[in-house]
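We count residues from 1, following the sequence as given. These values consider heavy atoms only, across backbone and side chains, with no hydrogens, waters or symmetry-generated copies.
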Amino acid sequence: MAAMLAAFLVGACGQGTGSGSVHSGGESSSAESPARGPWTEADLDDVALGQRDGENFGRIPMSPGPSERKAEPGTCSAIAQTLGRSSSAYAAHARINRTYSGRGTRPWAVMTLASHRLGDAKAVVRKFRRAAESCTAFKESRRSYADVKVQRDSVYGDESVSLRLVEVVSFPDGVRIRVPHAVVVLREGTTVAMFHNFVRPNASDGKNPAVIPDELVTAQVKKIRAFGAAQ
């Protein structure tokens, strides 16, 4: 059963924040300066947390094109697009993906960094915020999600939204398993970072929430900010 569920969840894809509230910050970062051009894939590779920062990671090929994942109801699509290979309905100038392994008691997480025009970067967060506030349950392809709840977060970057939700997996023998997920979407200047995690089937009875490691998110925002200031 666990193997079946793991295979099912791979296509959809801490002590941390898996709990975070909607926030819009008013401060402008150096990455928003009209004098600098959009970041390239090489820039994003440089700014993403890696071995120099003490992180073990894997890569998943990403397209800078927009995500075509659709949810029912459609207003929830922005949430569905953040699960797995985190993305959005907006094409990016560049987009990369990292899968970070757990460390000690810290859970694993998937992160995507995307470089956008400022207006599009803001729109990505705005659409996700609206979906997080209005959706309670949705379906995406053969997957069903419920208990979508915006959480209180640590106010990451210029603006951030965090939520938790539960994937409901049904098997032919009638068994239903609840798989907790957590998502954090943040914007720092023109860069959007998305973090996703779910509790693996052999590690939860569905009652323990998934979380995004706060230290991972905080460190990534700090590195984006420093890289932008150096441009």
Side-chain angles (χ1 to χ4, degrees), residues 6-14 16-18 31 38-70 77-103 106-117 120-121 123-125 127-128 140-141 143 156-157 160-163 165 167 181-200 210-224 227-228:
F8 184 89
L9 290 169
V10 165
C13 107
T17 76
W39 286 354
T40 64
E41 184 174 332
D43 289 330
L44 295 180
D45 280 329
D46 285 342
V47 80
L49 294 174
Q51 292 182 338
R52 289 174 297 179
D53 309 292
E55 296 291 345
N56 292 320
F57 67 91
R59 305 171 189 261
I60 301 174
M62 295 286 291
S63 167
S67 171
E68 297 181 355
R69 295 178 69 167
K70 302 293 183 183
S77 294
I79 298 174
Q81 291 159 358
T82 67
L83 305 177
R85 297 185 184 186
S86 320
S87 190
S88 73
Y90 290 81
H93 183 77
R95 184 179 275 127
I96 65 169
N97 182 285
R98 296 287 185 270
T99 301
Y100 295 104
S101 58
R103 190 173 62 196
R106 197 192 79 180
W108 68 282
V110 174
M111 179 193 73
T112 293
L113 289 182
S115 172
H116 295 274
R117 293 181 302 174
D120 285 351
V124 170
V125 181
K127 280 197 171 184
F128 182 75
E140 191 268 321
S141 186
R143 298 179 172 86
Y156 301 113
S160 60
V161 187
S162 301
L163 61 78
L165 65 161
E167 182 175 1
H181 290 250
V183 178
V184 172
V185 174
L186 68 91
R187 179 183 66 83
E188 173 64 25
T190 58
T191 301
V192 172
M194 294 182 176
F195 294 83
H196 170 229
N197 176 34
F198 64 83
V199 177
R200 297 182 184 279
V211 291
I212 305 296
D214 179 78
E215 64 183 84
L216 186 69
V217 182
T218 301
Q220 185 59 78
V221 171
K222 183 178 180 179
K223 195 169 182 182
I224 294 171
F227 189 84

**Student:** Holding to salt bridge (charged side-chain N to carboxylate O under 4.0 Å, His left out), I want the full list of residues that pass it with K223, two or more places apart in sequence or in another chain.
**Tutor:**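 If we apply the salt bridge (charged side-chain N to carboxylate O under 4.0 Å, His left out) test to K223, skipping adjacent residues, the hits are D53.
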
**Student:** Partners of A109 by side-chain contact (heavy atoms from CB on, under 4.5 Å), sequence neighbours excluded?
**Tutor:** P213, L216

**Student:** Under the side-chain contact (heavy atoms from CB on, under 4.5 Å) rule, collect the residues that match up with R103, sequence neighbours excluded.
**Tutor:** E55, R106, E215

**Student:** Check whether any side-chain N or O of H181 sits under 3.5 Å from a backbone N or O of L165 as a donor-acceptor pair, and report yes or no.
**Tutor:**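 A pair under 3.5 Å: no.
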
**Student:** CZ of F128 to OG of S160: how many Å apart, nearest 0.5 Å?
**Tutor:** 10.5 Å

**Student:** Please enumerate all residues that pass side-chain contact (heavy atoms from CB on, under 4.5 Å) together with T40, with sequence neighbours excluded.
**Tutor:** A42, D43, H93

**Student:** Which atom pairs, donor and acceptor, lie under 3.5 Å between side-chain atoms of residues 56-63 and protein residues at least two apart or in another chain?
**Tutor:**
residue : atom : partner : partner atom : Å
S63     : OG   : G65     : N            : 3.0

**Student:** Could you tell me which non-hydrogen atom of H196 sits nearest to which non-hydrogen atom of T82, and how far apart they are?
**Tutor:** CB-O, 3.8 Å

**Student:** Check salt bridge (charged side-chain N to carboxylate O under 4.0 Å, His left out) between E140 and all other residues, then give those that pass, not counting sequence neighbours.
**Tutor:**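 So E140 forms a salt bridge (charged side-chain N to carboxylate O under 4.0 Å, His left out) with R69.
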
**Student:** Please give me the minimum heavy-atom distance between S88 and M194, naming the atom from each residue.
**Tutor:**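 Minimum heavy-atom separation between S88 and M194: CB-CE, 3.9 Å.
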
**Student:** Let me confirm one number: the CZ-CG distance from R95 to L44, rounded to the nearest 0.5 Å.
**Tutor:**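 So the gap between those two atoms works out to 10.0 Å.
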
**Student:** Does Q220 use its side chain to pair, donor to acceptor, with the backbone of L49 at less than 3.5 Å?
**Tutor:**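 Flag set: sc Q220 to bb L49 pair under 3.5 Å.
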
**Student:** Listed by chain and number, what are the side-chain contact (heavy atoms from CB on, under 4.5 Å) partners of A123, not counting sequence neighbours?
**Tutor:**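 side-chain contact (heavy atoms from CB on, under 4.5 Å) list for A123, sorted by chain: Y90, R126.
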
**Student:** Can you give me the closest heavy-atom contact between S87 and S67, atom names plus distance?
**Tutor:** OG-CB, 3.7 Å

**Student:** Please name all residues satisfying side chain to side chain donor-acceptor pair (under 3.5 Å) with T112, sequence neighbours left out, ordered by chain then number.
**Tutor:** N97

**Student:** Quick one, E41 and I96 - any side-chain contact, counting heavy atoms below 4.5 Å?
**Tutor:**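 Answer yes - side chains close enough.
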
**Student:** So, the side chain of Y156 versus the backbone of V184: is there a donor-acceptor pair under 3.5 Å, distance only?
**Tutor:**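 No; judged by distance alone, with no hydrogens or angles, the pair does not exist.
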
**Student:** Which atom names give the shortest non-hydrogen contact between A92 and A114, and what distance separates them?
**Tutor:**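 So the two residues come closest at CB-CB, 4.0 Å.
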
**Student:** NZ/K222 to CD1/I224 distance, rounded to the nearest 0.5 angstrom?
**Tutor:** 13.5 Å

**Student:** Find the distance between CE (M111) and CG (L186) and round it off to the nearest 0.5 Å.
**Tutor:** 9.5 Å

